[in-house]
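Okay, structure first, notes after.
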2 protein chains.
Amino acid sequence: MTQDDPPAGTRADLIAAGLHLFGQQGFAATPTRALAALAKTNVASIAYHFGGKEGLRLACGAEVARRIGQVAGPPATELPATRRDALDRLEAMLRAMVVFLTQGPQAQDTVAFILRELSEGGPAFDLVYDAFFLPKHRELCALAGMATDQPAEAEETRLLVFSLLGQAVYFRIGQPVICRRMGWTGYSAAETTAIADRLAANMRAILRSQP
Amino acid sequence: MTQDDPPAGTRADLIAAGLHLFGQQGFAATPTRALAALAKTNVASIAYHFGGKEGLRLACGAEVARRIGQVAGPPATELPATRRDALDRLEAMLRAMVVFLTQGPQAQDTVAFILRELSEGGPAFDLVYDAFFLPKHRELCALAGMATDQPAEAEETRLLVFSLLGQAVYFRIGQPVICRRMGWTGYSAAETTAIADRLAANMRAILRSQP
DNA sequence: GCAATTTAATCAAACGATTGATTTAATCGC
DNA sequence: GCGATTAAATCAATCGTTTGATTAAATTGC
């Protein structure tokens with residue numbers, strides 16, 4: 001198998017279990033026996049395949065980077081021609097991000113794992129930052145800079161992009177609070193659309209007021 | 001001591017240790033010995049004062065609710081007279097929230113603890129939700145509804161308020177990512193101001209485009 | 001082609017270390 | 001001296017890891 005193929009077999013089962021349990025309860029709070037049980041294998045398999053619990057954590061991080069690479073795709077090389085195009089591209093990317101964050105059972109585990117590593121300062125953090133956050137943020141800054149007639153790497157632009165991103169991320173992190181307050185039982189298609197519409201409108205309002 | 005006074009002595013030391021360690025590494029990942037060491041006392045004190053580790057967790061939740069009650073103050077009973085006043089009040093509350101989220105070493109632990117309880121579905125979650133999130137969100141909805149000429153409890157208004165809140169919360173949760181990308185070493189006064197200005201501008205742009 | 005051998009993978013069992021909790025003794029304030 | 005705390009010692013349970021045995025698939029030697 002090539003490097004970019006999804007793992008298969010017991011290795012894959014353990015990584016899936018790791019993403020799920022590490023993301024849901026945290027690394028330290030997840031016993032190796034729970035991982036093995038979920039992966040329908042023996043605890044010794046963890047040491048055999050990954051050298052230990054910590055090794056599985058790193059493998060999960062690599063898998064996350066791989067999955068995200070698939071979703072995000074290669075960063076666009078050429079910038080759009082007009083401000084209008086830049087705005088449209090920004091909106092499309094924001095909407096895609098909302099869908100990725102709120103939909104898909106696999107994305108659920110992926111996002112939860114990343115957030116855990118983030119707050120725990122886990123070793124998978126650097127991996128995901130370099131592989132995803134940084135290039136994606138740069139891409140968004142280029143678009144936002146174009147939409148606001150400002151340098152892409154200006155402090156104002158970078159901060160602006162974070163404030164746009166933050167809105168989307170919050171709906172994943174704060175899901176329990178949000179769903180309770182909204183009277184939702186979860187994020188199905190209708191809720192995702194409502195969120196994406198809201199954030200897209202916010203983005204256009206913010207960028208329109210900027211120049 | 002009355003109910004609203006901050007605890008003192010070993011109890012207070014243990015609660016401070018709990019907020020710090022539970023928030024930083026999670027509940028399950030924090031050994032009682034680490035709690036006792038940080039509080040400069042013995043492990044048995046935890047059982048003595050709180051009945052056990054779980055009791056300390058609840059006491060931390062209560063302390064968080066108490067602190068937040070101090071910061072948030074009593075919800076305003078009367079609504080502002082004009083749309084302009086509503087906007088000003090919203091901006092003031094948003095700025096206060098950013099300061100609370102980014103500044104203050106005590107707030108750091110408090111916020112981290114809440115977020116942990118949130119993602120772990122801990123027993124302190126209901127406490128904080130009822131004591132803080134819900135009334136504060138209602139208050140913001142009333143103001144936002146006034147600023148946009150919409151019913152305060154309309155689904156659109158509630159979602160709008162969440163999208164405003166999300167921006168602020170993200171800057172606390174994503175601090176490691178944000179600081180690295182911004183070239184900051186942390187949130188000092190200058191960074192907090194930059195964030196608050198950005199979010200205030202976003203809020204005004206969003207609400208202005210609404211009606 | 002086929003037995004002999006090696007390798008990869010999984011398993012149950014057990015290891016030492018650490019966990020939260022408990023018990024017992026010492027200490028403090030008054 | 002006495003109730004309220006704190007400290008030290010110990011408990012069973014659980015943690016991550018290691019072990020030696022077992023199975024199945026490749027690989028080798030001829």
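Proteins come first, then strands; the chains are lettered A, B, ... in the order of their sequence lines, and each starts at number 1.
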**Prompt:** Do side-chain atoms of A:Thr30 reach the backbone of A:Leu21 as a donor and acceptor pair under 3.5 angstrom?
**Reply:** yes
**Request:** Mark yes or no for whether A:Thr157, through its side chain, and A:Pro151, through its backbone, hold a donor-acceptor pair below 3.5 Å.
**Result:** yes
**Message:** Can you tell whether the side chains of A:Asp126 and B:Arg180 come within less than 4.0 Å, N to carboxylate O?
**Reply:** yes
**Prompt:** Separation of A:Lys53 atom NZ from D:dT14 atom P, in whole Å?
**Reply:** 16 Å
**Message:** Distance check needed: D:dC15 P versus A:Arg33 CZ, whole Å only.
**Reply:** 6 Å
**Asked** Which listed nucleotide (C:dT19, D:dT18, D:dG16) is nearest to the side chain of B:Pro31?
**Response** C:dT19
So which protein nitrogen or oxygen atoms get under 3.5 Å of nucleotides 4-6 of chain D's nitrogens or oxygens?
from	atom 1	to	atom 2	distance (Å)
D:dT5	OP2	B:Tyr48	OH	2.9
D:dT6	OP1	B:Thr10	OG1	2.3
D:dT6	OP2	B:His49	NE2	2.6

**Length of the CD-P vector between A:Gln25 and D:dT14, whole Å** = 15 Å
**Request:** Measure the distance from CG on A:Leu35 to C1' on D:dC15 and round it to the nearest whole Å.
**Result:** 12 Å
**Message:** Could you check whether any side-chain N or O of A:Arg198 sits under 3.5 Å from a backbone N or O of B:Leu160, counting only pairs where one atom can act as donor and the other as acceptor?
**Reply:** no
**Prompt:** Is a side-chain N or O of A:Arg57 found less than 3.5 angstrom from the main chain of A:Phe27, in a donor-acceptor match?
**Reply:** no
**Value in whole Å for how far the C1' atom of C:dA12 lies from NZ of A:Lys40** = 19 Å
**Message:** Can you measure B:Leu14 atom CG to C:dA21 atom C1' for me and round it to whole angstrom units?
**Reply:** 15 Å
**Request:** Rounded to the nearest angstrom, tell me the gap between atom CZ in A:Phe50 and atom P in D:dT17.
**Result:** 13 Å
**Asked** Between the main-chain N or O of B:Leu164 and the side-chain N or O of A:Tyr170, is there a donor-acceptor pair closer than 3.5 Å?
**Response** no
